[in-house]
Amino acid sequence: MTFAAAIEPEQGLVIVSCSREKLVTTDPTPALELYQGALVPHLREHLAPNYQVRIRILSAEHGLLHPEDLVGTYDHKLRSRGEAEALRARVTSRLANDLRGKTLRQVLVVLEPLYVIAAECLFDHVPPLELAVLPEPTDWLGARRVLSRWGWL
């Protein structure tokens, strides 16, 4: 049995969907703290800070968020392909910096199909990027398997 070498934080990126469950607050809150459902609480609990900075959260309202981006409570879920396509330009623009990184090798994508449409630009970079795509936004077991293989857990 062979084990793949762990990947450094700058070699990986995790893209997950936002969740309906959020902190109820009137104050802008870091995105990583705002979301209380899907995978965000697991990532917040299990990833060390040097890996948490490699999380991106795809929001129907705000586009692609970095963990430290300040956002308030809202209620907006992608409901149509047209809405996902309209969001795509904002997501592509925000992902451009990450995708330009010469060291990025692996991306874990845990998004519902409509949200994947908004992040479709990722597929333009395969290869050399390797994508692990999980279609169920609450699939912590699948995400944990990938993150363990990366050596991030």
Side-chain angles (χ1 to χ4, degrees), residues 1-21 30-69 71 76-153:
M1 177 180 251
T2 59
F3 293 95
I7 65 171
E8 297 297 321
E10 66 277 5
Q11 295 174 313
L13 189 67
V14 177
I15 301 174
V16 298
S17 58
C18 61
S19 68
R20 171 169 278 177
E21 300 83 26
L32 192 61
E33 301 302 320
L34 181 73
Y35 298 103
Q36 301 297 305
L39 289 189
V40 174
H42 295 288
L43 296 170
R44 192 172 50 234
E45 179 180 345
H46 296 285
L47 290 183
N50 60 325
Y51 296 116
Q52 288 180 358
V53 297
R54 302 300 295 163
I55 298 170
R56 305 295 179 260
I57 302 168
L58 186 49
S59 157
E61 180 74 17
H62 300 289
L64 196 70
L65 295 167
H66 289 216
E68 71 281 3
D69 288 341
V71 289
H76 182 185
K77 178 175 176 63
L78 283 182
R79 302 250 182 237
S80 70
R81 182 177 184 87
E83 195 177 359
E85 289 171 349
L87 185 60
R88 185 182 305 146
R90 287 175 32 203
V91 172
T92 299
S93 172
R94 196 81 200 267
L95 263 175
N97 260 354
D98 291 316
L99 294 173
R100 273 194 296 267
K102 299 289 185 209
T103 57
L104 184 62
R105 294 177 19 208
Q106 307 271 341
V107 181
L108 170 60
V109 180
V110 189
L111 298 172
E112 295 176 51
L114 273 180
Y115 286 73
V116 171
I117 291 170
E120 216 170 62
C121 66
L122 286 167
F123 296 96
D124 296 338
H125 299 273
V126 176
L129 279 185
E130 292 181 30
L131 301 182
V133 181
L134 304 175
E136 173 53 52
T138 60
D139 186 2
W140 172 239
L141 291 178
R144 189 172 71 184
R145 206 173 4 259
V146 172
L147 294 169
S148 292
R149 192 176 63 238
W150 290 4
W152 286 23
L153 294 178

Peer 1: For a quick test of reading the model, state the closest non-hydrogen atom pair linking Leu95 to Cys121 and the distance between them.
Peer 2: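 Where Leu95 meets Cys121 most closely, the heavy atoms are CD1-SG, 3.8 Å.
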
Peer 1: Nearest 0.5 Å, please: how far is CG in Leu114 from CZ in Arg79?
Peer 2: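 Output value for this atom pair is 10.0 Å.
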
Peer 1: Should we say atom CZ of Arg90 is surrounded by more than 12 heavy atoms from elsewhere, each under 6.0 Å from it?
Peer 2: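 Above 12, so yes.
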
Peer 1: With respect to Leu99, which candidate in Thr92, Leu104, Asp124 satisfies the side-chain contact (heavy atoms from CB on, under 4.5 Å) definition?
Peer 2: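 For Leu99, the side-chain contact (heavy atoms from CB on, under 4.5 Å) test succeeds with only one of Thr92, Leu104, Asp124, which is Leu104.
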
Peer 1: Quick one: pull up CG in Leu111 and CG in Leu122 and give me the separation to the nearest 0.5 Å.
Peer 2: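 Atom-to-atom, Leu111:CG and Leu122:CG are 8.5 Å apart.
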
Peer 1: Do the side chains of Leu78 and Ile117 get nearer than 4.5 Å, heavy atoms only?
Peer 2: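 Side chain of Ile117 against side chain of Leu78, heavy atoms only: no contact under 4.5 Å found.
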
Peer 1: If you look at every heavy atom in Ala118 and Leu87, which pair is closest and at what distance?
Peer 2: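 Heavy-atom minimum between the residues: CB-CD2, 4.0 Å.
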
Peer 1: Does Val53 offer a backbone N or O that forms a donor-acceptor pair with the side chain of Arg56 under 3.5 Å?
Peer 2: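 Between the backbone of Val53 and the side chain of Arg56 there is a qualifying donor-acceptor contact (under 3.5 Å).
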
Peer 1: Under the ring pair (Phe, Tyr, Trp, His ring centres under 6.0 Å) definition, can you give me all pairs with a residue in residues 93-138, not counting sequence neighbours?
Peer 2: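 Checked against ring pair (Phe, Tyr, Trp, His ring centres under 6.0 Å) - neighbours excluded - no pair reaches residues 93-138.
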
Peer 1: Verify, without hydrogens or angle tests, whether Ser93 (side chain) and Ala89 (backbone) share a donor-acceptor contact under 3.5 angstrom.
Peer 2: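 Not a single qualifying donor-acceptor pair exists.
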
Peer 1: Applying side-chain contact (heavy atoms from CB on, under 4.5 Å) between Ile57 and each of Val14, Leu43, Val40, report the one that passes.
Peer 2: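 In the set Val14, Leu43, Val40, the residue that makes a side-chain contact (heavy atoms from CB on, under 4.5 Å) with Ile57 is Val40.
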
Peer 1: Any chance you could measure Arg88, atom CZ, to Glu120, atom CD, to the nearest 0.5 Å?
Peer 2: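 Arg88 atom CZ to Glu120 atom CD measures 4.0 Å (nearest 0.5 Å).
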
Peer 1: Which heavy atom in Gly142 sits nearest to a heavy atom in Asp139, and how many Å separate them?
Peer 2: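 The answer is N-OD1, 2.7 Å.
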
Peer 1: Donor-acceptor check, side chain of Arg94 to backbone of Leu65, threshold 3.5 angstrom: yes or no?
Peer 2: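 Not a single qualifying donor-acceptor pair exists.
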
Peer 1: Over all heavy atoms of both residues, which pair between Pro135 and Pro137 is shortest? Give the atoms and the distance, please.
Peer 2: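 Between these two residues, the closest heavy atoms are O-CD, 3.5 Å.
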
Peer 1: Could you tell me the separation between the OG atom of Ser59 and the NE2 atom of His76, rounded to the nearest 0.5 Å?
Peer 2: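 Between atom OG of Ser59 and atom NE2 of His76 there are 8.0 Å.
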
Peer 1: Could you walk me through whether Ile15 and Val110 pass the side-chain contact (heavy atoms from CB on, under 4.5 Å) test, one step at a time?
Peer 2: CA-CA 6 Å; Ile15 301 174; Val110 189; over 6 Å; no

Peer 1: So how far is it from Ser19 OG to Lys77 NZ, rounded to the nearest 0.5 Å?
Peer 2: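 The OG atom of Ser19 sits 10.0 Å away from the NZ atom of Lys77.
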
Peer 1: Can you tell which of Trp152, Tyr51, Trp140 makes a ring-ring contact (aromatic ring centres under 6.0 Å, His included) with His46?
Peer 2: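 Of the listed options, the one satisfying the test is Trp140.
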
Peer 1: Is a side-chain N or O of Arg44 found less than 3.5 angstrom from the main chain of Tyr35, in a donor-acceptor match?
Peer 2: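 Yes, the answer is positive, given that a donor and an acceptor are paired below the 3.5 Å cut-off.
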
Peer 1: Measuring from Leu47:CG to Leu39:CG, what's the distance to the nearest 0.5 Å?
Peer 2: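 Spacing of CG (Leu47) from CG (Leu39) equals 10.0 Å.
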
Peer 1: Report, as yes or no, whether the 6.0 Å neighbourhood of atom CZ on Arg145 holds more than 12 heavy atoms from other residues, nucleotides or ligands.
Peer 2: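 Counting other residues, nucleotides and ligands, CZ of Arg145 stays at 12 neighbours or fewer.
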
Peer 1: Does anything in residues 6-17 form a side chain to side chain donor-acceptor pair (under 3.5 Å)? List the pairs, not counting sequence neighbours.
Peer 2: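 Passing the test, one end in residues 6-17: no pairs.
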
Peer 1: So which heavy atom on Glu21 is nearest to which on Gly37, and how close?
Peer 2: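 Between these two residues, the closest heavy atoms are OE1-CA, 3.2 Å.
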
Peer 1: Quick check: do Arg105 and Ile7 have side-chain heavy atoms less than 4.5 Å from each other?
Peer 2: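 Yes. Closest side-chain heavy atoms under 4.5 Å.
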
